[in-house]
Amino acid sequence: MYIESKAFIDWIVKELKAKKLPNKDDEYICNCPFCDAKENHWDYTINTKKMIMNCWRGFDPRCESGHTIPTLITLYYDIPFKQAIDFIKKNFRGEDSLQRVKKRLKNIDERRILEITEEKVVWSMPYESESILDAQSKKAQKALRWLLDVRKIPLEVVEALEPRYLGSDTHKKWERYRNRIFFPVSSNGNKAWLAYSTRKKSTKKNPKTMNPPGHILACTFYLYDWYVTSDEPILLHEGLFDAVRFFMFGFNSLAGWGTTVSSEQIELLNALPAKEVVVCYDPDATKLKQDKKGKWTCRAYKVAENLRNYYFGDVSVMKLTRDDPDRTAFKEAKTAYENRMRFGDRFWRLRRLKENLR
Ligand SMILES: [Zn+2]
C-alpha cells in the first residue's frame with residue numbers, strides 16, 4: 001500500500017485549509033485541527049514527502065506528539081485505527097507495488113514480473129533432507145547437538161521450528177547446499193528456506209547462510225506466519241537466531257535477513273494486526289555515524305525512516321549498547337524458559353497457533 005502524496009495534499013488543502021510554504025517543496029502549514037481552531041496561529045506543519053505532521057503548540061493531548069497519516073486520520077475523524085486505514089486506502093491510495101515494478105522494468109516481459117510480485121513463490125525443501133528431531137545420520141545428530149549446545153535453543157523450540165538436515169549423499173543439484181541445516185521460511189503464502197552452515201567461519205566458497213536463487217527472501221520474514229493474530233509490537237531482527245532468541249521470550253519477533261526492508265516486506269508488516277514495529281538490530285547497525293551530508297545516522301535509522309513512510313503503525317529503534325540481542329536474550333533465557341515451563345505461557349500459545357495454521 002502506497003500513499004499518493006497528491007491525494008493527501010488535496011485532502012489537507014480542502015479539509016484543513018492548509019497552505020504551501022513558499023520556499024519549501026514539500027511543506028504545508030495550517031491551523032492545528034485539535035488545539036487551534038479559531039486563533040489562526042498557523043502552527044501545524046505538514047511534510048507531504050515524509051508524511052509526518054507536527055503541532056508546534058501541542059495544547060491538546062491529541063497533538064502533543066506529532067502525527068503520521070494514520071494517527072492524524074484516526075484522531076481527526078475520531079474513528080478506530082482500522083477504520084482510518086480503510087479511509088486511507090480508499091482516499092489516498094497510490095499505485096501499488098506491481099505498478100511501480102512494471103514502471104521500473106518497462107522492458108521486461110510482464111509474465112516474469114507477475115511471478116515475482118503477485119503469485120506466491122514456493123521453494124520446497126529438498127526431499128532428501130531428514131528431520132533433525134529424529135536424525136538417523138551421524139551428521140544430522142551432530143547438527144541437532146549444535147542447535148542445542150552451541151546456539152542454546154531448547155529442544156521444544158527446535159521442535160517448533162522444524163529444521164531439516166541435508167547430508168552429503170544427495171542429488172547433484174543440491175551440491176552447493178549439502179551438509180547444512182534447512183530452516184523453513186513461510187510468509188503469507190510465500191515459502192522458502194534458509195540453509196545454515198554449522199561451520200564457524202564464513203568463506204566465499206562456503207558462506208554461512210544460503211538461500212534459494214532469486215528474489216524470494218526479500219518477500220519473506222522468518223517466523224512471519226506465527227503472528228497472524230497477535231497485535232503486540234513486532235520486533236524486527238537481522239538474522240534468524242536473533243529472532244529465535246526473542247521468540248523464546250514470547251515476543252513477536254521476525255527476522256528480515258539483514259539491515260534493509262523491501263517494499264514487499266513492508267506490505268507483509270501492514271497485513272499483520274500489530275500496530276508497532278521495533279527495529280532491533282545489532283549494535284553496529286545502531287551506532288551513529290556521519291553520512292556524506294554530515295547528518296548523524298545509522299542503518300537502523302534508515303530502515304526506520306523507510307518504514308515510517310510506508311508502514312501504517314508506529315516505528316521505533318531499540319538500541320542495544322552492550323551485547324547483541326543474541327547474548328542479551330541468552331543471559332535471561334534460562335530463567336525465562338524455566339518460568340515458561342512452570343507456568344506455561346505465550347510460547348505454547350504461539351505453537352498452538354502455528355498448528356492451527358496447517
Ligand atoms: Zn495542536
Side-chain angles (χ1 to χ4, degrees), residues 1-94 231-236 261 266 269-270 272-279 286 288 293-298 300-319:
M1 240 298 281
Y2 294 90
I3 291 173
E4 190 182 31
S5 54
K6 197 188 160 295
F8 178 62
I9 291 168
D10 288 348
W11 183 83
I12 55 169
V13 169
K14 191 172 155 255
E15 200 63 35
L16 306 178
K17 313 273 178 287
K19 287 177 183 166
K20 194 174 164 301
L21 280 177
N23 304 327
K24 289 179 180 168
D25 279 346
D26 312 305
E27 300 236 345
Y28 283 70
I29 52 164
C30 64
N31 292 318
C32 175
F34 306 108
C35 71
D36 191 22
K38 287 172 197 156
E39 294 173 56
N40 287 322
H41 281 89
W42 295 92
D43 267 346
Y44 192 81
T45 55
I46 302 166
N47 186 317
T48 56
K49 194 178 170 207
K50 292 182 179 163
M51 306 216 174
I52 45 176
M53 281 62 76
N54 191 35
C55 171
W56 295 94
R57 289 154 53 84
F59 284 0
D60 188 290
R62 289 171 300 172
C63 63
E64 266 170 3
S65 53
H67 301 126
T68 57
I69 293 180
T71 52
L72 173 66
I73 297 298
T74 308
L75 295 166
Y76 184 75
Y77 289 114
D78 194 15
I79 50 175
F81 185 83
K82 210 165 181 303
Q83 218 172 309
I85 297 297
D86 291 340
F87 177 90
I88 292 162
K89 281 183 183 167
K90 203 173 144 227
N91 295 288
F92 306 152
R93 179 163 201 152
D231 57 2
E232 285 182 41
I234 296 161
L235 263 55
L236 180 60
V261 280
I266 296 176
L269 292 175
N270 277 331
L272 289 178
K275 292 184 186 67
E276 185 182 354
V277 168
V278 184
V279 180
T286 51
L288 292 178
K293 288 179 188 164
K295 191 177 147 195
W296 288 89
T297 185
C298 62
Y301 281 3
K302 280 180 185 154
V303 166
E305 255 169 51
N306 193 9
L307 282 168
R308 279 197 187 109
N309 285 335
Y310 301 110
Y311 175 63
F312 281 149
D314 290 327
V315 182
S316 52
V317 175
M318 186 158 140
K319 280 197 177 182

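Just so you know, these numbers come straight off a predicted model, no measurement behind them. Whatever order the structure lists ligands and atoms in, that order sets their numbers, starting from 1.
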Partners of A18 by side chain to side chain contact (heavy atoms under 4.5 Å, CB included), sequence neighbours excluded?
I12, Y28, C30, I46

Throw together a table of side-chain donor-acceptor distances under 3.5 angstrom for residues 70-80, partners on residues two or more places apart or in other chains.
residue	atom	partner	partner atom	Å
T71	OG1	T68	N	2.8
T71	OG1	T68	O	2.9
T71	OG1	T68	OG1	3.2
T74	OG1	P70	O	2.5
Y76	OH	E15	OE2	3.1
Y77	OH	W11	NE1	3.0

Report the protein N/O/S neighbours of the Zn ion (ligand 1) that fall below 2.8 Å; do not count waters.
C32 SG, C35 SG, C55 SG, C63 SG

Do F34 and H67 have their ring centres less than 6.0 Å from each other?
yes

Is the number of heavy atoms from other residues, nucleotides or ligands under 6.0 Å of W56 CH2 greater than 12?
no

By side chain to side chain contact (heavy atoms under 4.5 Å, CB included), which residues pair with D10, not counting sequence neighbours?
K6

Do any N or O atoms from the side chain of N270 and from the backbone of Y310 form a donor-acceptor pair under 3.5 angstrom?
yes

